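Here the structure comes first, spelled out in structure tokens, and everything after it is commentary.
Every heavy atom of this structure was used, including side-chain atoms; hydrogens, water molecules and symmetry mates were not. Predicted model only: the values in this text are computed from it and were never measured.
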Amino acid sequence: MLRTHTCGELNIKNKGQKVALCGWVSARRDHGGVIFLDLRDRYGRTQIVFKPTRKEVFKTADQCRDEFVVQIFGKVVARPADMINKKLKTGEIEVEAEKITILSKSKTPPFDINQEKKVNEEIRLKYRFLDLRREKLQKIMKMRDEVITYIREYFHKRQFIEVQTPILANSSPEGARDYLVPSRLHPGKFYALPQAPQQFKQLLMIGGLDRYFQIAPCFRDEDPRADRHPGEFYQIDIEMAFVKQEDIWEITEQLMIELTEKFSNKKVMQKPFPRLTYKDAVSRFGSDKPDLRFGLEIKDATKIFAKTKFKVFTDVLKNNGVIYALKIDGGAKFSRKEIDELTEIAKSKKAKGLAYIILKLKAQSSLDLNRDSDRNREKLKITVQNSKLNIDLISPILKFLNDEEINNIIKTTGAKAGDIIFFGADKWEIACKSLGAVREECGKKLGKKDPKKAAWLWVYDYPMYEYNEDEGKIDFSHNPFSMPQGGLETLNKKNSLEILAYQFDIVCNGYEISSGAIRNHDPKTMYKAFEIAGYSRTEVDKKFGHMISAFEYGAPPHGGCAPGIDRLLMVLWECESIRDIYAFPKNGKAQDAMLGAPSEASERQLKELKIKIVK
RNA sequence: GGAGCCGUAGAUCAACUGGCUAGAUCGCGUCCCUGUCACGGACGAGGUUGCGGGUUCGAGCCCCGUCGGCUCCGCCA
């Protein structure tokens with residue numbers, strides 16, 4: 001060993017000991033007649049003192065620069081009482097250097113490693129090995145390891161076994177784009193990296209390994225987002241046989257509670273986790289992954305406007321649409337520009353516009369008139385005639401509404417002076433999801449996303465199918481391997497778009513952490529389920545024949561889920577980007593900025609694989 | 001595939017409506033300093049304002065294009 005101790009462990013009890021330390025120079029303070037080096041490793045920092053009495057040692061210390069790697073031999077000495085550094089774990093002592101060896105020099109680093117100030121991510125990724133030396137990433141890597149260790153223990157205590165499933169697997173025809181790996185032994189054929197170990201874990205259930213988990217790498221060739229790492233990610237893959245939904249929920253929920261409480265400073269808002277059906281979640285919060293740290297619930301106002309003369313609304317109602325309203329407390333202060341921005345957000349979710357009514361105290365609104373935005377609004381202002389409320393309303397749509405409608409909408413939404421009401425008028429899904437996007441943005445703007453809270457919930461009863469308007473056909477809305485509620489009989493009888501699946505999500509603070517399902521383990525039901533989505537028996541056999549034939553040899557009822565570890569940690573630790581959770585993340589174009597991956601293959605490799613690149 | 005935001009010394013930022021010899025802090029180099037701890041002090045070196053074009057007497061700032069990064073929509077069963 002080149003060292004006897006780490007830089008984080010020496011204290012007053014080691015006084016007088018001869019020690020050897022190794023680490024990086026994190027600061028050098030040269031006082032002419034005495035030099036201090038701060039030596040850093042991942043355990044901490046220790047101050048090394050050099051005195052001019054040892055000429056050679058002193059000279060070497062003088063040559064040291066930040067990030068040099070050095071080995072120190074010396075004696076632990078107590079610092080005088082007035083020189084103790086309380087900010088440092090090792091602050092009671094220092095090491096008087098008797099020998100120093102420069103193990104490795106360093107160029108001047110491209111950014112400051114010892115300060116936690118913001119640095120351009122592009123350069124941090126290019127020099128990730130330096131970024132990893134910084135305190136924040138050191139902590140994340142350590143805690144990530146602790147979390148994964150905890151997860152493994154959690155499942156092992158409960159009779160689960162971890163199984164490594166193949167990385168070189170087969171293309172799965174549904175879902176995300178695959179990463180393909182050409183086969184040398186079988187020219188023209190390709191492996192696909194698994195998008196998830198979905199099929200393997202189900203085969204494990206049939207194989208009798210009735211409680212399986214894996215810290216599983218997954219690969220999807222899709223465009224990234226701040227919460228979606230490009231290319232690869234890890235999930236806590238779970239599958240259990242002989243279970244119902246509740247059994248999966250119970251074991252997953254307990255793990256999520258423990259991880260939240262042990263590894264974050266967030267408080268779990270509600271235990272047991274609230275459960276919302278897909279329909280409720282979307283109707284009330286405009287999303288199947290709502291952030292329940294705040295309320296701002298959407299209300300159904302369709303009935304209020306049943307007889308309205310407002311053409312925009314009547315047109316929607318004629319087409320079996322809905323009119324939903326979202327009241328934002330304190331939203332009256334939004335500027336015209338902010339409302340325009342919210343309108344754009346609603347439009348990005350296919351809404352045609354975003355009608356609104358602003359509620360202001362009478363006195364207040366006249367005082368505010370010197371503000372430009374209010375002068376513009378003045379022409380829109382109407383004082384509520386029949387209301388006892390002392391408010392002015394400002395809205396471009398008021399002239400189309402009658403007093404009864406206005407009073408009812410105020411009553412239904414519970415709006416008061418200082419609030420704003422937004423309207424979503426469209427087909428149910430568009431009305432909800434556009435208001436949901438507005439709700440999300442308002443929550444953010446109004447500071448309702450409390451970093452100390454973890455609002456977990458289950459969303460269940462997802463529809464089995466959805467209508468694909470572009471292609472004019474019925475598609476699986478989630479996992480085609482999910483069990484339809486009611487089984488074969490329901491598939492045969494019920495309107496396909498009304499069939500629910502034993503399919504669920506777990507959500508935290510507005511992020512989908514996992515989806516899961518009770519799987520379809522019955523071949524007949526499976527053929528029928530695929531038939532509804534437009535797959536012939538031959539197609540199903542070709543694509544999933546191996547799965548279905550396995551189901552013909554005694555498949556136990558089973559189900560599972562797969563919480564994404566990276567996303568979970570990102571949410572628990574309030575990281576802005578999921579890239580912060582990885583040691584070596586990829587950039588937004590799925591490249592490794594350090595290695596330059598992906599890169600071109602050599603002629604020889606391509607020749608062996610019988611691959612020709614057409615440019 | 002589409003949209004938006006950003007790009008100024010090594011790093012983080014500044015430069016009001018176009019007036020600039022492009023500044024500050026940290027870092028870097030040389031020198032001074034025996035108790036600092038993000039030491040201090042003196043002096044100094046760092047820039048084709050991502051790149052190309054245009055408008056203008058004059059462009060870091062305005063316009064067009066392009067490259068790079070990020071974010072969002074689509075996509076992610």
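Phe50(A) has its ring centre no less than 6.0 Å from the ring centre of Phe58(A).
Heavy atoms of Glu344(A) sit nowhere under 4.0 angstrom from any nucleic acid atom.
Looking at residues 559-568 of chain A, you'll see that no heavy atom sits under 4.0 Å from any atom of RNA chain B. In the region residues 74-87 of chain A, proximity to RNA chain B at under 4.0 angstrom, judged on heavy atoms, holds for Arg79(A), Met83(A), Asn85(A), Lys87(A). RNA chain B lies under 4.0 Å from at least one heavy atom of each of the following residues of residues 27-37 of chain A: Ala27(A), Arg29(A), Asp30(A), His31(A), Gly32(A), Gly33(A), Val34(A), Phe36(A).
Using N1 to N3 plus N6-O4 or O6-N4 for Watson-Crick, or N1-O2 and O6-N3 for G-U wobble, each under 3.5 Å, rA24(B) pairs with rU12(B). Pair check for rU36(B) finds none; no Watson-Crick or G-U wobble contact set falls under 3.5 Å. Figure legend. rC75(B) is base-paired to no nucleotide; pairs are counted as Watson-Crick or G-U wobble with both atom distances under 3.5 Å. With a 3.5 Å ceiling on both atom-pair distances, the Watson-Crick or G-U wobble partner of rC31(B) is rG41(B). In this structure rC5(B) sits in a base pair with rG69(B), meeting the Watson-Crick or G-U test at under 3.5 Å.
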Distances under 3.5 Å only, N/O to N/O: pair up the protein atoms with those of nucleotides 41-43 of chain B.
none

Every protein N/O within reach of nucleotides 2-10 of chain B N/O, cut-off under 3.5 Å:
unit_1, atom_1, unit_2, atom_2, d
rG10(B), O2', Pro110(A), O, 2.8

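With both ends at atom C1', the span from rG1(B) to rG19(B) equals 44 Å, rounded to whole Å. Remark: the separation of the P atoms in rG10(B) and rC5(B) is 27 Å, to the nearest Å. Of the P atoms belonging to rU66(B) and rG27(B), the separation is 42 Å, rounded to the nearest Å. Spacing of P atoms, rA59(B) relative to rC37(B), comes out at 48 Å, to the nearest Å. Taking the C1' atom of each, rG23(B) and rC63(B) are spaced 27 Å apart, rounded to whole Å. Atom P of rC39(B) sits at a distance of 10 Å from the matching atom of rC28(B), rounded to the whole Å. Nucleotides rA9(B) and rC51(B) are separated by 9 Å at their P atoms, to the nearest Å. Atom P of rA22(B) sits at a distance of 22 Å from the matching atom of rC13(B), rounded to the whole Å.
Between Asp223(A) atom CG and rC76(B) atom P the separation is 11 Å, expressed in whole Å. Atom CG of Asp112(A) and atom P of rG27(B) are 7 Å apart (whole Å). Per the geometry, CD belonging to Glu67(A) stands 14 Å off C1' belonging to rA38(B), to the nearest Å. Regarding Ile48(A), its CD1 atom lies at a distance of 18 Å from the P atom of rU36(B), rounded to whole Å. With rounding to whole Å, Tyr127(A) atom OH is found 20 Å from rG27(B) atom P. Taking atom CG on Asp131(A) and atom C1' on rA11(B), their separation rounds to 13 Å, with Å as the unit. Glu222(A) places its CD atom 13 Å from the P atom of rG1(B), with the value rounded to the nearest Å. In this entry the distance linking NZ of Lys51(A) with C1' of rC33(B) reads 16 Å, nearest Å.
Along RNA chain B, the nucleotide nearest Asp66(A) and the nucleotide nearest Asp38(A) are compared for position; the residue whose nucleotide lies closer to the 5' end is Asp66(A).
In this view, Lys473(A) and Asp475(A) satisfy the salt bridge (charged side-chain N to carboxylate O under 4.0 Å, His left out) rule, not counting sequence neighbours. By the side chain to side chain contact (heavy atoms under 4.5 Å, CB included) test, Ile215(A) pairs with Ile148(A), Ile151(A), Arg152(A), Glu162(A), Tyr234(A), Ile565(A), sequence neighbours left out. Shown here are the side chain to side chain contact (heavy atoms under 4.5 Å, CB included) partners of Pro523(A), two or more places apart in sequence or in another chain: Ile548(A), Phe551(A), Glu552(A). Partners of Val34(A) under the side chain to side chain contact (heavy atoms under 4.5 Å, CB included) rule, at least two apart in sequence or in another chain, are His31(A), Phe36(A), Val49(A).
Among pairs with a residue in residues 30-42 of chain A, those fulfilling salt bridge (Lys or Arg N to Asp or Glu O under 4.0 Å) read Arg3(A)-Asp41(A), Arg28(A)-Asp30(A), Arg29(A)-Asp38(A), Arg40(A)-Glu67(A), at least two apart in sequence or across chains. Every pair tested for side-chain hydrogen bond (donor to acceptor under 3.5 Å, both in side chains) that includes a residue from residues 78-92 of chain A fails, sequence neighbours excluded, so the list is empty.
Checking His558(A), Arg519(A), His521(A) one by one against Gln202(A), the side chain to side chain donor-acceptor pair (under 3.5 Å) holds for a single residue, His558(A). Across Phe504(A), Phe476(A), Tyr278(A), a single residue satisfies ring pair (Phe, Tyr, Trp, His ring centres under 6.0 Å) together with Tyr462(A), and that is Tyr278(A).
Under a 3.5 Å cut-off, the side chain of Asp178(A) and the backbone N or O of Leu180(A) do not form any donor-acceptor pair. Using modelled atom types, one side-chain atom of Gln138(A) and one backbone atom of Leu132(A) make a donor-acceptor pair closer than 3.5 Å. Counting only distance, with no hydrogens or angles, the side chain of Arg128(A) and the backbone of Ala583(A) share a donor-acceptor pair below 3.5 Å. Formation of a donor-acceptor pair under 3.5 Å by the Tyr212(A) side chain with backbone atoms of Asp237(A) is not found in this model. A distance-only check finds a donor-acceptor pair linking the side chain of Thr46(A) to the backbone of Cys7(A) [under 3.5 Å]. Here the side chain of Glu135(A) pairs no donor or acceptor atom with the backbone of Asn114(A) at under 3.5 angstrom. Not one N or O on the side chain of Arg579(A) forms a donor-acceptor pair closer than 3.5 Å with the backbone of Asn587(A).
Between Ile248(A) and Ile238(A) the shortest side-chain heavy-atom distance does not fall below 4.5 Å. Taking the side chain as every heavy atom from C-beta outward, Leu125(A) and Met594(A) never approach each other to under 4.5 Å.
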Problem set entry | Contact pattern, 5' to 3', of nucleotides 65-72 of chain B - B, S or - by protein heavy atom under 4.0 Å | ---SSSSS

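Evaluation of atom-type donor-acceptor distances gives no pair under 3.5 Å for the side chain of Arg220(A) against the base of rC76(B).
Here rU36(B) is the nucleotide among rU36(B), rC28(B), rA38(B) with the atom lying nearest to any side-chain atom of Glu94(A).
More than 90° away from 0 lies the glycosidic angle of rG52(B), which makes this nucleotide anti.
For the residue pair Thr165(A)/Gln214(A), the side-chain donor-acceptor check at 3.5 Å is satisfied. For the residue pair Gln485(A)/Asp461(A), the side-chain donor-acceptor check at 3.5 Å is satisfied. Side chains of Tyr527(A) and Asp541(A): a donor on one and an acceptor on the other come within 3.5 Å.
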